[in-house]
Amino acid sequence: MSLLFRPRHNTLAQISLFVLAAGAVGTLGGLMVYARTPYARGMQDPIEQPLQFDHRHHTRDEGIDCRYCHNTVDRSPHASIPPTSLCLNCHSQVWNKSPLLEPIRQSFFENKPMVWRRVYRVPDFVYFNHSIHVNKGVGCVSCHGRVDQMAAVEKATPLTMGWCLDCHRNPEKNLRPLEEITNMTWKPEGDPEVAGRLLAEQHDVHTRISCTTCHR
Amino acid sequence: MAASSSNAALAPRDPLDPRPLIEGVHTDRTINDSLLEHVWRGAGRGWWACFGVALSMLGLLVIAISWTLYKGIGSWGNNIPVGWAFGIINFVWWIGIGHAGTLISAILLLLQQKWRTSINRFAEAMTLFAVICALLFPLLHTGRPWFAAYWLMPYPSVQGIWPQFKSPLTWDVFAVSTYFTISLLFWYLGLVPDLAALRDSSKSKAKRIAYGIFALGWRGSGRHWAEYKWAYVLLAGLSTPLVLSVHTIVSFDFATSVLPGWHTTIFPPYFVAGAVFSGFAMVLTWMIPARQALGLKHVVTAKHLELMCKVMLATGMMVTYGYVMEHFVAWYSGDPYEYAQFFLTRQRGPMAGIYWLMIFCNCVVPQIFWTKKGRTSLPVMWGAAILINVGMWCERFNIVVTSLHRDFLPSKWENYAPTWVDISLFIGTIGLFSTLFLLFLKFVPAVAVTEVKELRHELEHDSHGPAIAAAGGTHA
Amino acid sequence: MSCEENKKAARRSRSLAIVQGDPAGVHAGAQVPKPRSWRSLEERAGSAELSAAARREFPAGASELTDSVSRRSFMQLVGSSAALAGLAACQKPNEKIIPFVRRPEETTPGNPLHFATAVSLDGYATGLIVESHEGRPTKIEGNPAHPGSLGTATAFDQGMILGLYDDDRARAFTRKGQPIAWRSMLGEIGGLGDRLRANEGAALRFLGEPTASPVVADLRRRIQARFPRAKFFSYSSTASEAGQGAKLSFGRPLEPRHNVARASLILSLDADFLADGPEQLALARDFARGRTPGPGMNRLYVVEPSLTVTGGVADHRLRLRGSEVAAFAAALAHELGARPGFELLAPLAAAVRPPATAPWDARWLSAVARDLEKNRGKSLVIAGRRQPAAVHALANALNVALGNLGVTVAWGPPVLADVDIASGPPALWELMTEITGGLVDTLVITARNPVYTAPVDFKIEQLLPRVPNTIYHTLYEDETATLCNTLIPAAHPLESWGDARAVDGTVSIQQPLIAPLWSGVTEVEVLAAFLGEGDLGAHEVVRRYWQGQAGRFGSGLDFFEHAWEKWLADGIVPDTATKPEAVTELAVDGAALAKAISPLLTAARKAEGAGGLEIAFSVDPKVYDGRFANNAWLQELPHPITKLTWENAVLISPATAGKLGLVTGDLVEISYRQRLLEGPVMIQPGHVDDALTLPLGYGRAGAERVARGLGFKAGSIRTGEAPWFDGGATLVRTGGGYKFGITQDHWSMSPDGRTTLEPAVGTTLANVENEHSEFNEELEERRGMPPTLHKPWDYSKEAYKWAMAIDLNKCTGCNACVIACQSENNIPVVGKENVIKGREMQWIRIDRYFTGSVEDPEVITQPVACVHCETAPCEYVCPVNATVHSDEGLNEMVYNRCIGTRYCSNNCPYKVRRFNFFEYNGDVSGARRLGMNPEVTVRSRGIMEKCTYCVQRIERKRIDTRIAGRAIQDGELQTACEQGCPSQAITFGSLNDPGSRVSRLHADSRRYDLLHELGTRPRTAYLARVRNPNPELARSG
């Protein structure tokens, strides 16, 4: 009878088998890689806000401390977004005619809250507490990056559990004197390792990695 | 010369069991035709009828699964304390059934039991389908299958956590998936030459191409045969330990716990024995009608059936011994919880009926195989086989539900009642099994043709040369 | 409030709406009341969420829940699981953050605030501390400064948090079914008032509940002044006759104040004083203190028809039919009167003939009498609310004769404001006759659902419609609402300004935690409306009244301003407790008492003669008189004794059941005074023979969706002249196979005769004191480190080693801890169907075992939650590390990692793990979500959960103290159950602090570990229950 398959079909078969296997492995591997890319983590993506609030201007140019606006960061789990009234502390005097700030004035006088877009988000089952970190010498910049250089704030860190654990396992490299907490440019003198260990002692840092530290 | 040799020439016989392993006069061609015939024969009314039933049961499975996923485990009868019930019972039951195949094909092969030849394909297919049914449950019975699917796999996640390797459930994942893979390869490898045979004897081109692709370009060259043999034995060697390991590990799900009725060291051997027991029962349950329908009487002879009955008798006795030991240890250990579990809860509790049914089916029924009559009468052995399937299901019910529903603190004892979803899932998997099996019978030879041919040659050879391994090997 | 966190809190509780409330105005109470403030940004933004809640398919916890996995909740599930998968982090953030425009001063977003307020039941107040997150009340706790609370709150009180967010509550002001604004209604009432004043309000009637509120009393006076001929009535179906009893014995209305702390012997005459009545919290605490094993240990005798919480902890219990209690008391007086030193009782003794054939064991009675005699001056006889005045009078007589007056019981001036108005059933009867006579034109009802609670023979249902104007002020559109033509939705106690008084008279100002979620006004506002002074608002009325009173407390420039602030902050107004009056002896002699008693005795004998069964009505510990019937938490709360949920049952003793051929689950038809009542029978060990107990509060037919159709209405055969007991009932079996939702099916610790160690250890004082007693030896083997092959983990290096101790000797099984836990940890209800299946979710399971005879058993209750084993069987079997051990010994449950294999539960010997078989939170209303604790994840379908030792409280306290640079002190960190326990049976703390209370308790000689033999090394230890039986009485615990 006529020949159904030719020798090259064998090669074909082998190749297809190989592709099948490689494909399976590749997909899985690819997914794992993807999960680690800044894109997948929503990083490096400046978020447009309804009102052009420029952190660069306020922090670098005006030298306003982070805690002036995010003023519950050291006593509450939440750093908190400032109420409109706080903006007007200055802007009732400064730029009080600027059309850019119209939404703020509107919000205040019509008692309608501002609506911002969220940049940093952890899942609902993660109980992050700002105050303990800030009080134990973890600076803003460690998680939020160089906000003083961002026209529009973007997510600077992956916020994956693995990332949290890295620091919770050895926090030294992220510690600083309490008075430098909001300093975006502070660098330890000398060997960071040594400085870190010293600070950990000073602040009596005991990072915890028990699950219920963050999940309840 | 093979053609000339008559069946009568197949001598000398085993003095104890003179019956042949292949009945009638055969040439390679006659065997080929007779064994491939049922594939070429169009699907008969009988087949369609069975297939219809099987499909509708399969439909039930689909409904039950979607309902479970939609509503949650709450749609099952489970509760606290009975956290596991039908799901795990069925899982263990099916895995058990999946044992005969590999045992027959692998272990009997290594032991050079000639009688395995004509039933191994059949049994292996059964293994495969049973394991598929079993695999449904571990996933389905979790509260959130969509996570179970990948959190059970060890892979470097961004969360930086891994599965819990101390947990028997994690072991299960590996044990069962390995078992499935090996069984699949083993079955398929054995199938290759026959697929080639099918390809060559196909009438239509489409069929030839179809079978051709699956035959992986088998040409039956010496080199092919050499490597085939080599791979076959290798796989046999690989699956042999698996036959023992899979159910051992499944039994760890229970044995490693602290629960009275679970917490016992005898589980691994007793689970494996039980598995083989139920596996053979299932093979018989299907073989008896199948050999009738597919005209395989000449290769699956009364002798085969009888040998299987003997295996069931042996494993049945092992299982019985297991029961006895459980009870003895419960009493001898002096642990009041163990004692209460075996002598109060199981024997007199609200679920005692199932316990006694188990005792009857698994300990009493097999005894009938002591008699020649029992081992040769088709109706008797068929009925017995079915009862044993039932009995083994009851055994798992006893272990899982009965142990759970009354454990340590009487304040949290609860009764258990299955819902329609539970029952549909069970029936449904039987449907899935039957569907796959009927398809198998339809599209590939139910008996390993090449091996049978080979066997015929061997037997012939034996009959001329000095009687080495007596065919049939009653010392099976 | 930055809504970043607010959002989170909201999302945590799967809520879209965010309640802002009006913290400043409401809490500080300083500002003049603002216009009713908006409650949520959505509402402000016009979102439909809250109103959507109204249209919801099922209320939280309705039993339909089982089959109510709607598409919406299914999508929710998918959504939530996506979030749980952490995938959310992969999506571009598109969430909004909505900060305050002006942030109230005292709020720190993310940190809860606590405010003091008070709620009343039966007119008496319990002081509360309410926790509030971002202006949303989330948890109710007791106010330690309040005499009626001492820091704990009853299940009823704590359950109110659910009641607050109940979207079944009445919302609309309506006249003849037409919605109408409150202001225009005010106008109408004003007009009505003018019309009625024509004849001095002769046709104006008010029907209220017993209340101790000074403001309400004042309003009544002022209304009376404006309408001289108007009449006030007060009615409550559960009122005690103690007051009338006092009238009988002392000639004037006084109210008892009990002090069990100084009582070494207590005899309860059908009084469930540990779990019922306004004094229960204080009494439970003192009683438990008095149970400390040792010479000073008190002894409790209880005489009662059916088992109560108090009966369960009794050292000796006498089963007696309700009507026979009087006879018993009389016989006791008789017995004592014959003794020297009891001359006071002599005439009584002479006059009262105790029945020839007493249904009790004479030995028992004389033993009690001797014991009482031995404990003169430090004993207490206390009669229950169900007993008629005469029995109370007898109890008073006994107390006087025993010299207990001023020691264990004192008599104070009435705290209730209704003394000067007609009250009780007679009052209601009078009102009914007036209505029949057509004397009533306008009836203002502020009482809770009188149509349901009134005696059936008062025919209120037929009469009410005859009144032209019926104005009903109500929390729910209940049975009464359907018969009234004007509805005024009531504000919830947590939304109300008002005041209340504790039993000792201490005043609390009631302040709202939140502006009314739906429209709703307070009783104060309703009454004030009749003064025609316009809409002042409750805050103003209350404040003005107290400003007027300020003189009593001090003077000086803006003294009141500061005082008011302080009163609100503390939750009590200082020095308002009234002095007990100096009553020393009876105003009436024994003979007079005898006269009052004898009719009872004869009545009892008649009932006896009449044959048939005695029916006894009882106040239900879950729904009270029916007012809590729409509270799913309370509905699903297992009854302390029967463990019944979601309904009531006809309780009957095993013997009687045997006699009548009944089994639990049979349906019977009770016929009594030509009235029929059908209900399912439940056999209750310890119930008195030839009697039925019919719990009130069920068979509700109002618009409340949870309450509707649960149980049967015992009230439908409850008449005015026999409100609690009566003989002559008969019953026939009409069917069977009824399924109860019971959480514990088995009575005994060894239902099948197994020889395992008893989980709940009880013994006698003698055994405890004898060091070499079998008891002590057995316990020695049931604690300490079990033999192990591997070296145990050393926890001493850690800062804390959390552990708990539960003293069974103090636990009464009152359920307060269960609700506290449910409220703290966002635990869902599952509905009756799932309870039947054994899927209840409460993290604390109070096991109730009966020991001894089934007829007359002893009860022992044992709260079991996760015991946090050091070698936890649940941990090593979890395939995904979802339950693991913390460095401080907590057995952690990581919800978001759980895949729900339920293997951990199977392997948990204590069976304390709970599984979300369905999306139990899926149908929780939008409103309810506002009240969830944002500190605790709301678990979705397919997840295992269990007690965490309130880890959220641990972590919160840890962070606070670490920032302050100090360690957590013993006692400053309490679990919810510990905090909620009235008798202080639960203690939590660190074993690494040798001085901590929990360390000491773990070293106690009564300490043992549950299932110690398994080597799980639980962190929760139990202390054995101890009974103090009277040596004279053979039967001993």
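These numbers were taken from a predicted model, which means no experiment stands behind them.
The contact between A:H206 and chain C is made by backbone and side chain atoms together, counting heavy-atom distances below 4.5 Å. Neither the backbone nor the side chain of C:T948 has a heavy atom closer than 4.5 Å to any heavy atom of chain A. In this structure, chain A has no heavy atom under 4.5 Å from any part of C:R897. For a residue to count as touching a neighbouring chain, one of its non-hydrogen atoms must lie under 4.5 Å from one of that chain's; by this rule A:N129 touches chain C with the side chain only.
Between A:Y120 and A:H144, the ring-plane angle classifies as perpendicular under the 30° and 60° cut-offs. Ring pair C:W802/C:F988 is parallel by interplanar angle, where below 30° counts as parallel and above 60° as perpendicular. Using cut-offs of 30° and 60° on the angle between ring planes, the pair A:F125 and A:H215 is tilted.
Contact annotation: the side chain of C:C869 never approaches that of C:R1019 to less than 4.5 Å [non-hydrogen atoms, C-beta and beyond]. Using a 4.5 Å cut-off on side-chain heavy atoms (C-beta onward), C:R958 and C:E888 make contact.
When each of A:V115, A:V134, A:T213 is checked for heavy-atom pairs under 4.5 Å with chain C, A:V115 comes out on top. Per-residue heavy-atom pair counts under 4.5 Å with chain C were compared for A:T84, A:D74, A:L88, A:T160, and the maximum is reached by A:T84. Among the candidates C:V894, C:D887, C:I954, the residue making the largest number of heavy-atom pairs closer than 4.5 Å to chain A is C:D887.
Remark: aromatic rings of A:H133 and A:F128 are close, center separation under 6.0 Å.
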